[in-house]
Number of protein chains: 2
Amino acid sequence: MGCYPTNVKIMMTLDETDRRILTHLQRDASMAFDGLGQAVNLSRNACWRRIKALEAAGVISKRVAVLDPQSVGLGLMVFIMIRTNAHAPDWLEQFRNATRTIPEVLGVYRMSGDLDYLIRARVADMGDYDRLYQRLIHRVPLSDVSASFVMEEIKDTTELPL
Amino acid sequence: MGCYPTNVKIMMTLDETDRRILTHLQRDASMAFDGLGQAVNLSRNACWRRIKALEAAGVISKRVAVLDPQSVGLGLMVFIMIRTNAHAPDWLEQFRNATRTIPEVLGVYRMSGDLDYLIRARVADMGDYDRLYQRLIHRVPLSDVSASFVMEEIKDTTELPL
DNA sequence: ACTGAAACAAGGTTAAC
DNA sequence: GTTAACCTTGTTTCAGT
């Protein structure tokens with residue numbers, strides 16, 4: 001998935017220093033090794049070597065720029081809940097392909113419980129959502145679909161607890 | 001929010017080159033300006049200047065390291081759906097504080113429709129989820145709570161379409 | 001085995017055009 | 001927008017603990 005080689009997937013054991021480094025990098029990956037090293041009490045390249053190890057082990061999967069949704073005209077977040085009775089072998093594959101290739105769709109999850117699939121997407125407005133919906137049902141047959149719009153994003157982060 | 005100064009929030013108009021740069025940075029922010037410039041047919045610091053402008057305008061809000069959830073022992077994603085009739089003024093504030101300070105909680109959304117709040121969290125396993133649930137209801141009174149677990153992550157990205 | 005200091009190479013930043 | 005100088009920072013080497 002990520003942009004670092006992950007041929008051999010070894011479960012790496014993280015010590016306190018690794019966790020401190022990762023916590024910093026999850027919040028701001030634009031820091032220089034010098035500054036990061038100071039923050040975790042390590043020299044520039046003790047820090048460097050640990051990060052390279054974390055990348056090689058696949059703990060750090062990539063570094064990305066996070067954009068402001070408002071600034072790129074995607075101010076509305078929507079969750080689309082799907083219940084289906086079509087459990088045919090290729091229906092799911094069709095659904096995977098459709099959702100993966102629609103860029104407004106940020107997350108697609110196959111769920112436990114009575115809800116079958118959950119989609120998280122960002123759109124400009126209601127009209128934009130409707131176009132997304134039309135595009136989706138055009139590519140894959142869906143029966144029971146309901147959308148719920150986000151009124152307030154109380155929290156939204158990529159930072160995992162360590 | 002982000003780590004770049006956003007005192008003045010100007011709606012920046014993005015041209016084709018800006019969008020290409022942003023698309024690259026959203027996928028891999030570890031690229032050098034040289035390589036990025038080549039990818040979008042720009043010199044090293046024409047590229048640099050555009051990126052600085054995008055940061056200053058708040059379009060790029062930050063750069064972060066994305067970790068592999070499995071590698072840090074958070075292999076289970078869960079959505080927690082909350083319906084409430086407690087619409088007291090300070091209940092919401094209490095709920096905001098509680099969810100924002102629980103690190104396993106990655107997303108908290110106030111919703112339209114019959115569902116009132118939606119929480120997205122990552123935990124190690126079912127036992128870990130139960131501890132999260134206990135912690136949550138200990139900090140804020142919740143009546144109608146139901147959890148749905150993710151069986152398969154078909155898609156999960158931070159990349160916004162441009 | 002992992003650390004830190006110093007040398008080196010590469011890339012970020014600035015200035016000039 | 002580009003090219004070229006500059007100087008911070010990433011990377012490698014090496015020696016010490």
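Order of the sequence lines fixes the chain letters, A, B, ..., with proteins taken first and strands second; residue numbering starts at 1 for each chain. Any value given below was found using the heavy atoms of this structure, including those in side chains, with hydrogens, waters and symmetry copies removed. Quick caveat: nothing in here was measured; it's all calculated off a predicted structure.
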Chemist: side-chain contact (heavy atoms from CB on, under 4.5 Å) with B:T99: which residues, sequence neighbours excluded?
Modeler: A:I154, B:F95, B:V105, B:V108, B:I119, B:L136
Chemist: Taking only side-chain nitrogens and oxygens of B:W48, does any of them come within less than 4.0 Å of OP1 or OP2 of C:dT13?
Modeler: yes
Chemist: Applying the 4.5 Å side-chain criterion to the ILVMFWY set and letting contacts propagate, would A:M126 and A:L74 be lumped into a single cluster?
Modeler: no
Chemist: For A:T84, which residues count as a side-chain contact (heavy atoms from CB on, under 4.5 Å) partner, sequence neighbours excluded?
Modeler: A:A86, A:H87, A:W91, A:D116, A:Y117
Chemist: Does any non-hydrogen side-chain atom of A:V72 lie less than 4.5 Å from one of A:D68?
Modeler: no
Chemist: Listed by chain and number, what are the side-chain contact (heavy atoms from CB on, under 4.5 Å) partners of B:M77, not counting sequence neighbours?
Modeler: A:Y109, B:F79, B:R120, B:R122, B:V150, B:E153
Chemist: Do any N or O atoms of the protein come closer than 3.5 Å to N or O atoms of nucleotides 2-6 of chain D, and which pairs are they?
Modeler:
{"unit_1": "D:dT2", "atom_1": "OP2", "unit_2": "B:S43", "atom_2": "N", "d": "3.0"}
{"unit_1": "D:dT2", "atom_1": "OP2", "unit_2": "B:S43", "atom_2": "OG", "d": "2.9"}
{"unit_1": "D:dT2", "atom_1": "O4", "unit_2": "B:R49", "atom_2": "NH2", "d": "2.7"}
{"unit_1": "D:dT3", "atom_1": "O4", "unit_2": "B:N45", "atom_2": "OD1", "d": "3.3"}
{"unit_1": "D:dT3", "atom_1": "O4", "unit_2": "B:N45", "atom_2": "ND2", "d": "2.8"}
{"unit_1": "D:dA4", "atom_1": "N6", "unit_2": "B:N45", "atom_2": "ND2", "d": "3.1"}

Chemist: Would you call B:E104 and B:R131 a salt bridge, using N to O less than 4.0 angstrom?
Modeler: no
Chemist: To the nearest Å, give me how far apart CZ (A:R50) and P (C:dC2) are.
Modeler: 8 Å
Chemist: Rounded off to whole Å, could you give me the CG-to-P distance for the B:D34 and C:dT13 pair?
Modeler: 13 Å
Chemist: Return the angle between end axes of the helix from C:dA1-D:dT17 to C:dC17-D:dG1, with five pairs used per end and rounding to 10°.
Modeler: 20°
Chemist: Would you kindly give the CZ-to-P distance between B:F33 and C:dT14, to the nearest whole Å?
Modeler: 11 Å
Chemist: Specify the separation, in whole Å, of atom CD1 of A:I51 and atom P of D:dT12.
Modeler: 14 Å
Chemist: Calculate the interatomic distance between A:E55 atom CD and D:dG10 atom P; express it in whole Å.
Modeler: 12 Å
Chemist: Where do A:M81 and A:L118 come nearest, in terms of heavy atoms and distance?
Modeler: CG-CD1, 3.5 Å
Chemist: Could you list all the salt bridge (charged side-chain N to carboxylate O under 4.0 Å, His left out) pairs where at least one residue sits in residues 69-86 of chain A, not counting sequence neighbours?
Modeler: A:R83-A:D114
